[in-house]
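Structure first, commentary second.
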Number of protein chains: 2
Amino acid sequence: MSTSELFRTPPRHAPQNVEILGPLRSGRATSRAALAKATGLSPSTVASRVEDLIAQGHIVEVGHGESRGGRRPRHLEIRGDAGLVGCIDLGVDRATFGLIDFAGNLVGERHLDLDIAAGPHDVLSFAVAQLVDMVEQSDVPSHTRLRGISVGVPGPVSSTTSRIVAPSRMPGWNGVSVAEVVQRDIQLPVVVNNDANLMAAGELLDADEAAAFANQVFVKVGSGIGCGIVSGGELYTGSNGWAGDISHVSVPGAAAVPCSCGRTGCLDALASGNALVREMQLAGHDVHTVEAMITLARDSHPLATRLLRNAGVMTGGVLATIVNFFNPDRLVLGGVLADSAVFVAGVRSTLYADCLPMATEQLTVEVTRHQGTGGLRGAARMFLDRVFSTEGLPPLTPAP
Amino acid sequence: MSTSELFRTPPRHAPQNVEILGPLRSGRATSRAALAKATGLSPSTVASRVEDLIAQGHIVEVGHGESRGGRRPRHLEIRGDAGLVGCIDLGVDRATFGLIDFAGNLVGERHLDLDIAAGPHDVLSFAVAQLVDMVEQSDVPSHTRLRGISVGVPGPVSSTTSRIVAPSRMPGWNGVSVAEVVQRDIQLPVVVNNDANLMAAGELLDADEAAAFANQVFVKVGSGIGCGIVSGGELYTGSNGWAGDISHVSVPGAAAVPCSCGRTGCLDALASGNALVREMQLAGHDVHTVEAMITLARDSHPLATRLLRNAGVMTGGVLATIVNFFNPDRLVLGGVLADSAVFVAGVRSTLYADCLPMATEQLTVEVTRHQGTGGLRGAARMFLDRVFSTEGLPPLTPAP
DNA sequence: CGCAGTTGCTCCAGTATTGCATAAAGTTTA
DNA sequence: TAAACTTTATGCAATACTGGAGCAACTGCG
């Protein structure tokens, strides 16, 4: 069964309710007037759409906001109990599961170890079982059901077929349609995206009005290296879906470490968490995770510190090219290595050294504020945006 | 006087006539039905807008097209005699001038030597005088007047202020508003863009329907190196306007040649036309232009060939990172060096060697089809798109 | 307290767009 | 040659959006 069958095909020019619900969900707007400003729609249009959404039971009016010198705004909220999105953020050796309600609240969260090499069927069956269990264990109202599943995977996802293509870290997953596999276990709409793309989308959620239309590059450095691009406030995935691949850029002047792609000296083979841990092991240190290594560096372990800093420098060097080319106004660092101050300092110093001054003048370089849950939040956003891009879900019962 | 004063400020939600005129001007559509397909608008909407545009005198119906198994399409054309755009493509030591009518036809063209270091006032006064002279000399109908001026410059143009910022090849132009300077000589609307961006826009003009929404990277390698980005069929200029700057990317393993930006080993300092000519001179060859060097390489001159090939390899190496990151479906090479088969081969070989196979699988790498006039055509497009983004110009006299 | 000023929301006439039904004008097939 | 089909264009009722007028509700000032 294809994914699209579980999504309603909407009328061509129906109101794009995501325009209203998006700012509401992210808290970027909480009243009709604020929505009009945030969306650029006229106050009349906003009023009319809000009225419809209230009638359908998606939005409720809850009291008033503060006056800013005039009439107080009537506070609007998405009804969280309208449904749940099951979010799965798959890593290579671990996974994060989350339940996010239609208002965007994370109402449940689990972090578990998991070997992605066990293959699509085992991994996804386990994941779905986790989500179902989480719904049963949760204390959401009984009518708040799971309405769909959003999956992030550590590999390239084709934008045309939604299949995973040539994933270097996911043996056995090449050509797999995650939606098809999941839908053998549970009959729900499924969306799939690359994990770095989801984190990039998640990063936009609590951005203010201006940043919501920003050009942004999100770099995830964990066991591997990934990158999500936001152009004009929307996720940019390129012509085929694998835009943002910076793993296999050659690092100038680096050692010829062999890479999974068949070449040597790729950024991923030199600066990823996996690469660093292996370097530590080669030097005789009994380290098995990046986290352990970062802890060592915090305690000023010389080799760990040097490796992390160097990884930051190499990553920053690649990002300098990207920043010159893409001219973003925001660069966000995520993934485990973003927790390492040494790594981040390495990125920053190289970036400012190698970029044109004009390119970095307006650029902010930050560490993500949602370590751990950014991917889940982005996953929910992608699902909900798709579902509500029109009136994809049936009208709900009116608010109590 | 600011540019905007010479552009009409349009009503907020008027029909975007550029949607109709764009495909018509580029020849991507020539009938109502084709326009509906190209724009995604409904047939009724297209019919209504076309009717308006005919009434305003912008479009004429001229006979019929070929039947494709049904009723023959009624052929639509833009009235070329509605006006002229004066296009100026400034280079460092030469300039190209063009007159392009509102139908997109190049009705006049001049190539002249010119030293950009003479400064904004002298250069632009000369340029405007050329355009005025070209109009007088041309045999367009007397009512076909110059309606605006579109300028391309070999340096970064701020997207917020339209001023030239920190141009390394344009001494005396820093902070200059080209529109202001031009408007001292002639009272017409003026738009300014970076030259590589204009060439990228020009490359889209005769693209087919699919390619018109493509993600495309245009690389201009002439005396300097520039790059224009097209995302989803629209010019992408980044947050500040200088997206696409690849001149100052460090080339791995290259000589530490000093660059105008203050660093060493930049692509521009190694692979640009200027750099190559200087290398030839250092080796004792009496060569003063890139063109001469390309001619030598065609005759198998060893050093010229080696330098050109090497420049291609270095450029291709940088572009590999860009292609992995941006995942375009089209990469177009322009500028003088694109005339050199050796250079192009160098780019291609490195690109296919250094990119991920998935990134190049669907990628086409081409040489521009409009050497010389691509910038002019792009300049006209940018001007006309802006003017007709609504009914910016007054209704014309009805067609004769 | 009254009144001006501000902010939030609603009502309404006018315009833009759409889907569908229909007509127009061809080609192909039997 | 008639019937069936294709493609192109138009007419019309329904829907969506907008700007602006006007109402509602609140603040602050004299």
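Side chains are part of it too, since the values below use all heavy atoms of this structure and drop only hydrogens, waters and symmetry mates. Order of the sequence lines fixes the chain letters, A, B, ..., with proteins taken first and strands second; residue numbering starts at 1 for each chain.
Atom pair B/E61:CD and D/dA9:C1' shows a separation of 10 Å (rounding to whole Å applied). Atom NE2 of A/H64 and atom C1' of D/dA25 are 9 Å apart (whole Å). Distance CG (A/L35) to C1' (D/dC17): 16 Å, rounded to an integer number of Å. As rounded to whole Å, 8 Å separates atom P of C/dT18 from atom CZ of B/R49. One can place CD of B/Q16 at 15 Å from C1' of C/dT15, the figure rounded to the nearest angstrom. Atom pair A/L41:CG and C/dC9:P shows a separation of 15 Å (rounding to whole Å applied). Regarding A/R68, its CZ atom lies at a distance of 14 Å from the P atom of D/dT27, rounded to whole Å. Whole-Å rounding puts the A/R71 CZ to D/dC23 P distance at 13 Å.
Under 4.0 angstrom from either OP1 or OP2 of C/dT10 there lies at least one side-chain N or O belonging to A/R74. Distances shorter than 4.0 Å separate some side-chain N or O of A/R32 from OP1 or OP2 on C/dT10. Taking side-chain N and O atoms only, B/R72 has a distance below 4.0 Å to OP1 or OP2 of C/dG26. At least one side-chain nitrogen or oxygen of A/T45 sits closer than 4.0 Å to the OP1 or OP2 atom of D/dT18.
No side-chain heavy atom of B/F383 sits less than 4.5 Å from a side-chain heavy atom of B/I149. Looking only at side-chain heavy atoms (C-beta outward), A/E203 and A/V230 stay at 4.5 Å or farther from each other. Looking only at side-chain heavy atoms (C-beta outward), A/V140 and A/D101 stay at 4.5 Å or farther from each other. The side-chain heavy atoms of B/L146 and B/L99, taken from C-beta on, include a pair separated by under 4.5 Å.
Distances were taken from every side-chain heavy atom of A/S42 (C-beta onward) to each of D/dT8, D/dT18, C/dG8; the shortest belongs to D/dT18. For A/P43, the side-chain atoms get nearest to C/dT10 when compared with the rest of D/dT8, D/dC26, C/dT10. Closest approach to the B/P15 side chain among D/dA16, C/dA16, C/dG26 is made by C/dA16 (side chain taken as heavy atoms from C-beta onward). Closest to the side chain of A/S44, out of D/dT18, C/dG8, C/dC20, is D/dT18. Comparing C/dC9, D/dA9, C/dG26 by their closest approach to the side chain of B/S67 singles out C/dG26.
Residue-to-nucleotide proximity on DNA chain D shows that, of A/E19 and A/G70, the 5′-proximal contact is made by A/E19.
Heavy-atom neighbours of A/E366 CD from other residues, nucleotides or ligands within 6.0 Å: above the threshold of 12.
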